[in-house]
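Quick notes on the structure that follows.
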Amino acid sequence: MNARDIAVMCLIGIVAGWLASMIVGGSGLLRYLITGLVGSFAGGFLFKQFGISLGIRNELVREIVVATIGAIFVVIAARLIA
C-alpha cells in the first residue's frame with residue numbers, strides 16, 4: 001500500500017463519514033474520518049458476506065456508498081451501545 005492508496009482511503013473515509021453524519025447526525029473532521037474508515041471496513045464486510053451488489057459501475061462512487069452505509073451502521077451501533 002503506497003501513499004496514494006492511503007490518501008484515497010482517507011478521502012473516502014472523510015466523505016463517507018460526512019455523509020453518514022448528515023444522515024444520522026454528528027460533527028468533527030476526526031470523527032468523520034474514524035467513522036468513515038471503520039464504516040468502510042464494516043460496509044465492505046457486510047456487503048461481501050451477504051453477496052450484495054449495488055450495480056454502480058464507478059468504483060470510487062461505489063466505495064463511498066458502501067462506506068457511508070457501513071458508517072451509518074457503525075454510528076447507530078455505537079449509539080445503541082452507549
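Residue Met9 holds its CE atom at 11.5 Å from CD1 of Ile14, rounded to the nearest 0.5 Å. Atom OG1 of Thr68 is separated from atom CD1 of Ile12 by 10.0 Å, given to the nearest 0.5 angstrom. Here Leu60 contributes atom CG and Asn58 contributes atom CG; the two are 6.0 Å apart, rounded to the nearest 0.5 Å.
Linking Ile, Leu, Val, Met, Phe, Trp and Tyr whenever their side-chain heavy atoms come within less than 4.5 Å puts Val15 and Val8 in one cluster. Taking hydrophobic clusters as Ile, Leu, Val, Met, Phe, Trp and Tyr residues chained together by side-chain heavy-atom distances below 4.5 Å, Phe50 shares a cluster with Val65. Note on Met22: it clusters hydrophobically with Tyr32, by side-chain heavy-atom contacts below 4.5 Å among ILVMFWY residues. Under the 4.5 Å side-chain heavy-atom criterion for grouping Ile, Leu, Val, Met, Phe, Trp and Tyr, Ile23 is connected to Ile76 within one hydrophobic cluster. In terms of hydrophobic clustering, with Ile, Leu, Val, Met, Phe, Trp and Tyr side chains grouped at heavy-atom distances under 4.5 Å, Trp18 and Val75 are assigned to different clusters.
Distance alone, capped at 3.5 Å, is enough to place a donor-acceptor pair between the Ser40 side chain and the Leu37 backbone.
The two atoms that bring Ile64 and Ala16 nearest to each other are O-CB, 4.1 Å, heavy atoms only. For the residue pair Ala42 and Val74, the shortest heavy atom distance occurs at CB-CG2, 4.0 Å. Shown here for Arg57 and Arg62, the closest heavy-atom pair between the two residues is O-NH1, 3.9 Å. The minimum heavy-atom distance linking Asp5 with Asn2 is given by the pair N-OD1, 2.9 Å.
Partners of Phe73 by side-chain contact (heavy atoms from CB on, under 4.5 Å), not counting sequence neighbours, listed by chain and number: Leu46, Ile69.
Under the 4.5 Å side-chain criterion, counting only non-hydrogen atoms from C-beta, Leu54 is in contact with Phe47. At least one side-chain heavy atom of Arg79 sits under 4.5 Å from a side-chain heavy atom of Val24.
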